[in-house]
Amino acid sequence: MGYALSAEPQPRIVEVGPRDGLQNESAVVSAEKKAAFVDALAKTGLKEIETGAFVSPQAVPQMADTAEVFAKIQRRPGVVYSALVPNQKGLERAMQAGADKISVFTAASETFNQKNIRASISESIERFRPVIRETKAARLPLRAYISTAFHCPYEGPVKPVAVLPIVKTLMGLGVDELSIGDTIGKASPRDVRSLLKPLLDIVPVEKLFLHFHDTYGMAIANALTAWREFGVTGFDSSTGGLGGCPYAPGASGNIATEDLVFALSAEGADMGIDIEKLTAAARALVPSLGHPLDSRLSRVASTGRHS
Ligand code: COA
Ligand code: ZN
């Protein structure tokens, strides 16, 4: 324990800061600054960056300029630039912008889904059935998010029995990858174990990503539990710990990528990601955000206590 054997599957990170992070920031960040952020992230060793969302601009004004961001980034070979889409219109826009990979999303809680996308869980799946078909026809890889898979801000604890049928449906539709979200950051390692036990009976571990927010400070513990106890290697995170959730009052941002990379490396993972470059990428955004970063490593850096 505490060191990585070379044969051991290593953790992989999908950086979601430019999308899940920035969509939940109240400040308006220009397309130019967003593209600079994405470019800086691509130089850290990250292999996949969710670059934006092609959703309704009325629903999420912060993502209205995602096409511009895609046009401005300097694509780095070997890096996947993905996009979130809610419907066929979003898919068309994403393909036009040259997204390398498509993400669709639903939630395990009916109330959350209604507030987020004005649809029930089954309506949302019906809505993205053609999106999945067209994405596959275009031979683009496909990810599906299930939000509020542990706790819902409106309905409280979400049981694994509510999550599993959605997972089965999505796997049946042929998604390449699932991201299971603790949208309000309230899950504990115990919740993670309760869900992973039945989940890994129906999803191959390499297709599974966990998406933790850090509201109650448990995201790192959850990630380490999933990796060490269950061999889960896929994690979503946001550099700088950006974000929150407009439909989940009080929820803090995603687990910060730099904190996650630090924790996994300390636990023996070979991440190949430059933490200094991550914190620098986030720091460059601070003047646009109007508040200090919410990651532990950025606090360490700003007090100079790490030296
Ligand atoms: N891109 C751009 N515009 C879009 C769009 C898309 N993907 N999908 C819908 N729109 C526009 C429509 O053209 C329409 O515009 P109009 O009023 O000028 O005619 C308007 O949005 C409403 O469209 P409608 O199909 O009735 O959607 P809706 O109002 O029921 O909203 C969603 C449904 C899913 C499109 C919307 O709630 C949404 O985009 N939600 C995203 C939420 C999100 O990103 N959450 C974070 C991820 S977890
Ligand atoms: Zn999230």
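In each ligand, atom 1 is the first atom listed, and ligand 1 is the first ligand listed.
Side-chain contact annotation: Glu258 with Thr279, donor-acceptor N/O pair under 3.5 Å absent. For the 3.5 Å distance criterion, the side chains of Gln88 and Glu134 qualify, holding a donor opposite an acceptor.
The closest approach between any non-hydrogen atom of Leu84 and ligand 1 is below 4.0 Å. Residue contact annotation: Arg127 has a non-hydrogen atom under 4.0 Å from ligand 1. A heavy-atom separation below 4.0 Å is not found between Ala53 and ligand 1. Using a non-hydrogen distance threshold of 4.0 Å, Arg19 registers as a contact of ligand 1.
The distance from ligand 1 to the heavy atoms of Val55 drops below 4.0 Å at these ligand atoms: 1 (N), 2 (C), 6 (C), 7 (N), 39 (O), 41 (C), 44 (O). Those atoms of ligand 1 with a heavy atom of Val60 less than 4.0 angstrom away are 42 (C), 43 (C), 44 (O). Less than 4.0 angstrom separates some heavy atom of Asn116 from each of these atoms of ligand 1: 37 (O), 40 (N), 42 (C), 43 (C), 45 (N), 46 (C), 48 (S). Those atoms of ligand 1 that come under 4.0 Å of a heavy atom in Gly90, given as number and element, are 7 (N). Under a 4.0 Å criterion applied to the non-hydrogen atoms of Pro57, ligand 1 contributes the atoms 2 (C), 3 (N).
The residues Asp100 and Arg75 are annotated as salt-bridged, a charged nitrogen and a carboxylate oxygen being separated by less than 4.0 angstrom. Salt-bridge check for Arg129 with Glu126: passed, with a basic side-chain N closer than 4.0 Å to an acidic carboxylate O. Here Arg143 does not pair with Glu50 in a salt bridge; the nearest charged N to carboxylate O distance is not below 4.0 Å.
Within the 4.0 Å heavy-atom criterion, the part of Asn87 lying near ligand 1 is the side chain and not the backbone.
Of all heavy-atom pairs spanning Ala162 and Ala108, the tightest one is CB-O, 4.3 Å.
Polar contact with ligand 1: absent for Ser147 (N/O pair, distance under 3.5 Å). At least one N or O atom of Phe54 sits closer than 3.5 Å to an N or O atom of ligand 1. Considering both main-chain and side-chain atoms, Ala59 never comes within under 3.5 Å of ligand 1 through any nitrogen or oxygen pair.
Considering only heavy atoms from C-beta on, Ile13 comes within 4.5 Å of Leu46 through its side chain.
For Glu123, the CD atom sits in a packed shell: over 12 heavy atoms of surrounding residues, nucleotides or ligands are nearer than 6.0 Å.
Distance check: Arg76 CZ to Tyr81 OH gives 7.5 Å after rounding to the nearest 0.5 Å.
For atom 5 (C) of ligand 1, the candidate residues are Lys115, Lys89, Gln23; the nearest heavy-atom contact is made by Lys89.
Residue Asp20 approaches the Zn ion (ligand 2) most closely through its N/O/S atom OD2.
With Tyr145 as the aromatic partner, Arg19 meets the cation-pi criteria of under 6.0 angstrom to the ring centre and within 45 degrees of the ring axis.
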